[in-house]
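The analysis underlying the following values was restricted to heavy atoms, covering all of them including side chains, and did not include hydrogens, waters or symmetry mates. Heads up: numbering here begins at 1 and tracks the sequence. Both counts, for ligands and for their atoms, begin at 1 and track the order of listing.
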Amino acid sequence: MTQHVEEIEAADPARTTTDVAIVGAGYVGVPHAQVFAEAGRSVLLVETDQGRVDQLNRGESYIEDVPSEVLGRLVREGLRATSDYDELRNADAIVIALPTPLSPQREPDLSIIIAAVKEIAKRLRPGHLVVLESTTYPGTTRELLAILERSGLEVGKDFHLAYAPERVDPMNTTWKTQNVPKVVGGITEACTRRAAELYRSAIDTVHEVSSPEAAELTKLLENIFRSVNIALVNELAQLCERMNLDVWEVVEAAATKPFGFMSFKPGPGLGGHCIPIDPFYLTWKAREHNFYTEFIELAGKVNENMPYHCRSLVSQALNHSKQRSLKGSKVLLVGVAYKEDIGDMRESPALKLIELLRNAGADIAYHDPHVPELPEHGLVSVELAPALYDCVVIVTAHTSIDYARLVEEASLVVDLRNATGRNGTGNGTVWKL
Ligand SMILES: NC(=O)c1ccc[n+]([C@@H]2O[C@H](COP(=O)([O-])OP(=O)(O)OC[C@H]3O[C@@H](n4cnc5c(N)ncnc54)[C@H](O)[C@@H]3O)[C@@H](O)[C@H]2O)c1
């Protein structure tokens, strides 16, 4: 196949019916669909979960970042969802926003991406642009190229392939898909140019790099940077406890330095689909090069220990304040989502904490306005009635909760997020991480 993309497009300009097809309608795919649609592009979401397809087509959003009013308007203006991969034939660009989890052995599991790319390869045609957005190790996009070229089409000539990592921060109202700069690296220069053009049509700033591998490693560096810095303050929090210092006060004071310091906060452990998982994609790949990513491993070790540390904090608080053991104590967890003001439970450290506290014999309940139930733990969110419990543990600090009142009503509070602030310690019933 030697015909160039430009010639093919010039020959049949009316060939496509969709500007952008996004494969995977999740936390990444749906906000992207919004941004492209609002920029006037025709957008199709391709999703295997039929329930989600139906919901999207009814204009009902299940992604908190995209309100149903907005989705409903975009659906009325032409945004669509489908489970039919054949519709990809009619798209100009195919953007892949599918999950990249770890296997039970904590190794990259690309099975979802590979299966989808095989389906795309069957429908690949001259003129297509394919962009992978999922977080992954350097080299993945080039490995996928081998699958796509089974179609007989040649990259850079017949079709284009690039990597452009997603950086969405769910419920961040300042930095959203449209104004977070997009890093783009294509297999060839023409691939980079074409992918950059696509994103420039909807996203404020596009930053081109020389290869997909550079873009893949860029995304991992960003997440590793967070993981390592969070581990640093988590370690410091444990030392502060022994030294009888308030780690929150120290971090807040350090953050007054206007240069050379960036503030990270301690907590009960890492959560979400990115920071606890992505760094290990690089660890795995590095082994192929006889290289050991020690910062990543050490950060993982410190961060994974935090739920255990928090359990011992709850245990100490009960011992000292109430002469009670964890066994038989009634403990209320407040906030179980992995971060404040969202309902996302993926990798939430609260799940580990529930397991650890239960194993120690505690009677657990939780309150979270964003998470109505935790079926795998047989729990539903209860009313916030702190007086009914021996100990209330603030695991995630949703902003809708009145922490001053919580401290007033509870007989004992363990605050893992500094939600009660300095004033919260007034009546001697608040223990802080
Ligand atoms: N969530 C975030 O905050 C975030 C931020 C940056 C990067 N990422 C990365 O983006 C990628 C996607 O993450 P996400 O959070 O959007 O995932 P998600 O789980 O929210 O969404 C994925 C969607 O893909 C669908 N799906 C699964 N297999 C499919 C298939 N074969 N074809 C079509 N649809 C299929 C699922 O039903 C789901 O709706 C991951 O690699 C992730 O690491 C996520």
Side-chain angles (χ1 to χ4, degrees), residues 21-35 44-57 60-66 71 80-88 91 94-102 108-123 130-138 140-141 144 147 163-172 175-177 180-183 203 215-216 218-227 270-282 337-348:
I22 299 169
V23 183
Y27 287 92
V28 171
V30 176
H32 265 72
Q34 177 193 351
V35 166
L44 177 72
L45 280 157
V46 181
E47 165 63 52
T48 44
D49 180 333
Q50 190 58 45
R52 286 194 154 191
V53 169
D54 296 341
Q55 255 181 294
L56 290 164
N57 285 331
E60 292 167 15
S61 179
Y62 47 82
I63 299 292
E64 284 165 304
D65 274 319
V66 181
L71 183 69
R80 269 189 321 117
T82 180
S83 55
D84 182 4
Y85 266 65
D86 280 343
E87 291 209 41
L88 291 176
I94 300 171
V95 173
I96 304 170
L98 292 171
T100 44
L102 288 174
D109 176 1
L110 290 182
S111 56
I112 297 173
I113 302 274
I114 290 170
V117 170
K118 283 182 179 165
E119 291 303 313
I120 293 168
K122 289 183 204 159
R123 284 121 178 136
V130 180
V131 186
L132 177 65
E133 290 217 5
S134 305
T135 308
T136 185
Y137 57 78
T140 307
T141 307
L144 298 178
I147 303 175
Y163 180 75
E166 174 46 32
R167 294 162 146 174
V168 69
D169 180 19
M171 294 310 274
N172 186 327
W175 295 105
K176 303 186 79 74
T177 303
V180 174
K182 195 84 181 164
V183 173
I203 288 177
E216 287 159 340
T218 300
K219 171 69 188 177
L220 291 181
L221 169 62
E222 293 163 14
N223 285 355
I224 292 162
F225 175 81
R226 284 188 61 74
S227 167
L270 299 179
H273 183 31
C274 295
I275 317 287
I277 293 174
D278 303 345
F280 295 99
Y281 266 70
L282 190 61
Y338 88 82
K339 102 177 211 188
E340 70 278 10
D341 299 337
I342 62 171
D344 193 345
M345 283 304 298
R346 290 182 296 178
E347 307 285 322
S348 174

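Closest heavy-atom contact between Asp84 and Asp86: OD1-N, 2.9 Å. Minimum heavy-atom separation, Asp341 to Met171: O-CG, 3.9 Å.
Leu220 CG to Leu282 CG: the interatomic distance, rounded to the nearest 0.5 Å, is 5.5 Å.
The main-chain N or O of Gln50 is never found under 3.5 Å from a side-chain atom of Ser83 such that the two would form a donor-acceptor pair. Using a distance-only test at 3.5 Å, with no hydrogens or angles considered, no donor-acceptor pair links the side chain of Lys118 to the main chain of Ile147. In terms of modelled atom types and a separation under 3.5 Å, the side chain of Glu47 and the main chain of Ala25 share a donor-acceptor contact. Using modelled atom types, one side-chain atom of Ser134 and one backbone atom of Leu98 make a donor-acceptor pair closer than 3.5 Å.
Heavy atoms of Ala115 found under 4.0 angstrom from ligand 1: none, in either backbone or side chain. Residue-level proximity to ligand 1 for Cys274 is carried by the side chain, the only part with a heavy atom below 4.0 angstrom. Counting heavy atoms closer than 4.0 Å to ligand 1, residue Thr136 contributes nothing at all. Residue contacts with ligand 1 for Ser134 involve both N, CA, C or O and side-chain atoms from C-beta outward (heavy atoms, distance under 4.0 Å). At a heavy-atom distance under 4.0 Å, only side-chain atoms of Arg346, from C-beta outward, approach ligand 1. Contact annotation: for Glu119 versus ligand 1, there are no heavy atoms closer than 4.0 Å.
For ligand 1, the atoms sitting less than 4.0 Å from at least one non-hydrogen atom of Val46 are 33 (C), 34 (N), numbered in the order shown with element in parentheses. Counting atoms of ligand 1 from 1 in the listed order, those under 4.0 Å from a heavy atom of His273 are 13 (O), 15 (O), 40 (C), 42 (C), 43 (O). The atoms of ligand 1 that sit less than 4.0 Å from any heavy atom of Arg52 are 38 (C), 39 (O). Counting atoms of ligand 1 from 1 in the listed order, those under 4.0 Å from a heavy atom of Pro170 are 3 (O).
In this structure, the protein non-hydrogen atom closest to atom 6 (C) of ligand 1 is Glu166 O, 3.1 Å. From the protein, the heavy atom lying nearest to atom 21 (O) of ligand 1 is Gly26 CA, 3.2 Å. With respect to atom 24 (O) of ligand 1, the closest heavy atom belonging to the protein is Gly24 CA, 3.4 Å. Closest to atom 43 (O) of ligand 1 among all protein heavy atoms lies Thr135 OG1, 3.3 Å. Protein heavy atom closest to atom 2 (C) of ligand 1, with residue, atom name and distance, is Val168 CG1, 3.7 Å.
For Val35, the side-chain contact (heavy atoms from CB on, under 4.5 Å) partners at least two apart in sequence or on another chain are Thr177, Gln178, Ala202, Ile203.
Side-chain contact between Leu71 and Gln55: absent, with no pair of heavy atoms (C-beta onward) separated by less than 4.5 Å. With a 4.5 Å cut-off on side-chain heavy atoms, Thr136 and Pro108 do not count as touching.
Taking only non-hydrogen atoms, the option from Lys219, Glu47, Met171 nearest to atom 38 (C) of ligand 1 is Glu47. Comparing heavy-atom distances from atom 44 (C) of ligand 1 across Val28, Ile112, Val23, Asp169 singles out Val28 as nearest. Relative to atom 11 (C) of ligand 1, the option among Asp344, Leu98, Thr100, Leu110 with the closest non-hydrogen atom is Leu98. Among Tyr27, Tyr62, Tyr281, Tyr85, the residue whose heavy atom sits closest to atom 20 (O) of ligand 1 is Tyr27.
Looking at ligand 1, you won't find any N or O of Asp278 less than 3.5 Å from one of its N or O atoms. Between Arg167 and ligand 1, no pair of N/O atoms sits closer than 3.5 Å.
Of the options Ile96, Val130, Leu132, a side chain to side chain contact (heavy atoms under 4.5 Å, CB included) to Thr141 is made by Leu132 and by none of the others.
With hydrogens and angles left out, the side-chain atoms of Ser111 and Asp109 include a donor and acceptor closer than 3.5 Å.
For Arg226, the CZ atom is loosely surrounded, since the number of other residues' heavy atoms within 6.0 Å does not exceed 12.
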